[in-house]
Amino acid sequence: MSGVLLLQSSPPKLEDVQKKIFNKDALEFIANLHREFDLKVEQLYKNRVQRAIDIKTTLSLDFKLSSERLDKSWKVAPLPARLQNRHLDLGDVSASNTAHFVAALNADVQGVQVDFDDGHCPTWRNQLVAFNNINLVVNGKLPGAPISITTCPVLMLRPRAWNMVDHDILIDGKEAIGPLVDFGILMYHIGKKLYEANSGPYFYLSKLEGAGEAKLWNEIFVWTQDQLGLPQGTIRACVLIENIISTFELDEILYALKDHCMGLNCGIWDYCASIIAKFGDRKEFVLPDRNKYVNMDKKFLNSYMKLVVATCHVRGALATGGMAAAMLKAGSDGADAKSKAIIGRVLEAKSKEINAGVDGFMVYDSRMVPHINELWKKTSGTPNQIHRKFDLNITPEELLSLPSGGVTMQGLKHNVAVSILFVYHWFAGIGHFFYNGNIEDSATAEISRAQIWQWIRFSPILEESQNQQVTAQLVDKVATNFASHAHKNLCRSNAERKRLTAAKYMCLELFLARNPPEFITSYLNDNHKFRTLHNKALLSNL
């Protein structure tokens, strides 16, 4: 008896898929995985709460004088052949969008971020379609994709982060843990096949808060490899450093995953949102208009990227930069003047990252790929830049001093729009969307709603009009104006208009909360409206 109950019947036409993915042995595997690690994950949640309280009382962070940090001699395990070159990945690729997934697998890139996190909405249907598409491609059976996994870009599988609970699965009477479901199902079905093809299994681990959480993942890897008869060190992971606490524990994180480590990655918006989550109730941590004043050239972000690169290279690990979210106009081949200007801006930003020593980064729009590949050819003749070492002395102050700058009406409107549209698309079961020439996902929604919350709390004066401050009334007005504009120009049915209105009210809740939730995705995932919208078409298995 596996002790696993799938709370949803399969969506129409996916009955066979559900039976295959959650077959008896797979259910047994995820049940055992949960039994082995359930208490440790519960402890992780408690540690996060305790750490948040500690930060509020000590009001600062510092580097630890740990043995991992002080001993300069150790390195992570040597990189397998397919991970030597990590120049370019396509990011935010949800395998639940079959056409987009197939296009990404045919692109001239080193990897595809197969996303169950920032760019994916974990409805039961999306989960099943994504798992199935990944199984098909690994077995050479996904129509339109390369027929051998060895000729595809490597699959960089990104499970949900620790904050996500899977409300569709009960294990021993408890709702399942999102990342353990994703990791367990993927490893059970394709772990061995990827290993035999010298193509993985490789993972992106997101939203880790410190080295203790990396250590837990390492234990999960060791246990899983034992269970599946894989050699230790087969699984490799890249940790996304998108939490301010992790920046102070880079050596410790690399050491915790030493035999399973690929490297570390920088992600700008989740990272900024984590600073607001930890320190944002203090005036000196008010982040100005992000479109105007926040970019990788700013001291706090530049120091963070340099520190990630320097630490990785000393330890023989790869350091990768964030994702270029800019999109070319639909139908453009990149030759028109506007597209050339967008490509030029992306290349300029990415050249700076290459000069800073990164070993690779991500883009969303595959039309950027040839230009980025050309840039790498011109600027670096080697598969990676691990040979470049940097002697740095970065202080906590440099990591925690936010840029000066004001708040603009345009910045406020942009943040309101991104927040509302993210919730609206989640209600539709979609984890990312296009807005004003960029791809937006949970990371940009996270920073958008966090900034608005901060601005209401500290009511900065708007740059354009010296007598107007950001207030709850102003935010309400901007949200109402945006919603009425979207009703006319975006929504095509009454159901969509209702969803948009609900998204507006939910965002106002987030903007005004005394203690806002740390993750917008948890807030939505746990929300009655979201769950009702996606379950009403399905039958309960209770």
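Heads up: numbering here begins at 1 and tracks the sequence.
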Tightest non-hydrogen contact, residues Pro516 and Arg449, listed as CB-NH1, 3.8 Å
Open item on the list: Quick one, Leu421 with Phe482, criterion side chain to side chain contact (heavy atoms under 4.5 Å, CB included). Give me CA distance, side-chain angles, the key distance, then yes/no.
Closed with: CA-CA 10 Å; Leu421 288 174; Phe482 175 75; 3.7 Å; yes
Closest heavy-atom pair, Trp124 versus Pro11, reported as atoms and distance to 0.1 Å, is CD1-CD, 3.9 Å
Taken to the nearest 0.5 Å, the spacing of Ile55 CD1 from Gln50 CD works out to 11.0 Å
| Between Asp336 and Ser339, a side-chain donor and acceptor under 3.5 Å | yes
Q | Between Ser94 and Asn126: side-chain donor-acceptor atoms closer than 3.5 Å | A | no
Taken in chain and number order and not counting sequence neighbours, the residues that satisfy ring pair (Phe, Tyr, Trp, His ring centres under 6.0 Å) with Tyr435 are His414
**Message:** Between Tyr188 and Phe22, is the ring centroid distance below 6.0 Å?
**Reply:** no
Residue set satisfying side-chain contact (heavy atoms from CB on, under 4.5 Å) with Ile275, at least two apart, ordered chain then number -> Ile244, Tyr271, Phe279, Phe285, Phe300, Leu402
**Q.** Donor-acceptor pair between Ser442 and Glu446 side chains, under 3.5 angstrom
**A.** no
> Charged N to carboxylate O below 4.0 Å: is that the case for Arg158 and Asp92?
Replying inline: yes
Indicate whether any N or O donor in one side chain lies under 3.5 Å from an N or O acceptor in the other, for Arg290 and Asn295.
no
The residue among Ile520, Ile452, Leu524 that forms side chain to side chain contact (heavy atoms under 4.5 Å, CB included) with Leu510 is Ile520
Atom CG of residue position Asn489 - does it have more than 12 heavy atoms of other residues, nucleotides or ligands inside 6.0 Å? yes
Exactly one of Gln127, Arg160, His432 clears side chain to side chain donor-acceptor pair (under 3.5 Å) with His120, and that residue is Gln127
- Message: Under a plain distance cut-off of 3.5 Å, with no hydrogens placed, do Glu209 and Asn243 share a side-chain donor-acceptor pair?
- Response: yes
### Sub-6.0 Å ring centroid separation between Trp269 and Phe422
no
(message) Distance alone, cut at 3.5 Å: any donor-acceptor contact between the side chains of Thr480 and Asp476?
(response) yes
* So with a 6.0 Å cut-off around CD of Glu348, is the heavy-atom count from everything else above 12? -> no
| Could Glu518 and Arg48 be called an ion pair, given the rule that one side-chain N must be under 4.0 Å from one carboxylate O? | no
Checking Phe37, Tyr45, Phe519, Trp217 against Trp162 for ring-ring contact (aromatic ring centres under 6.0 Å, His included), the one that qualifies is Trp217
In Val138, Asn139, Asn23, Ile134, the residue satisfying side chain to side chain contact (heavy atoms under 4.5 Å, CB included) with His189 is Asn23
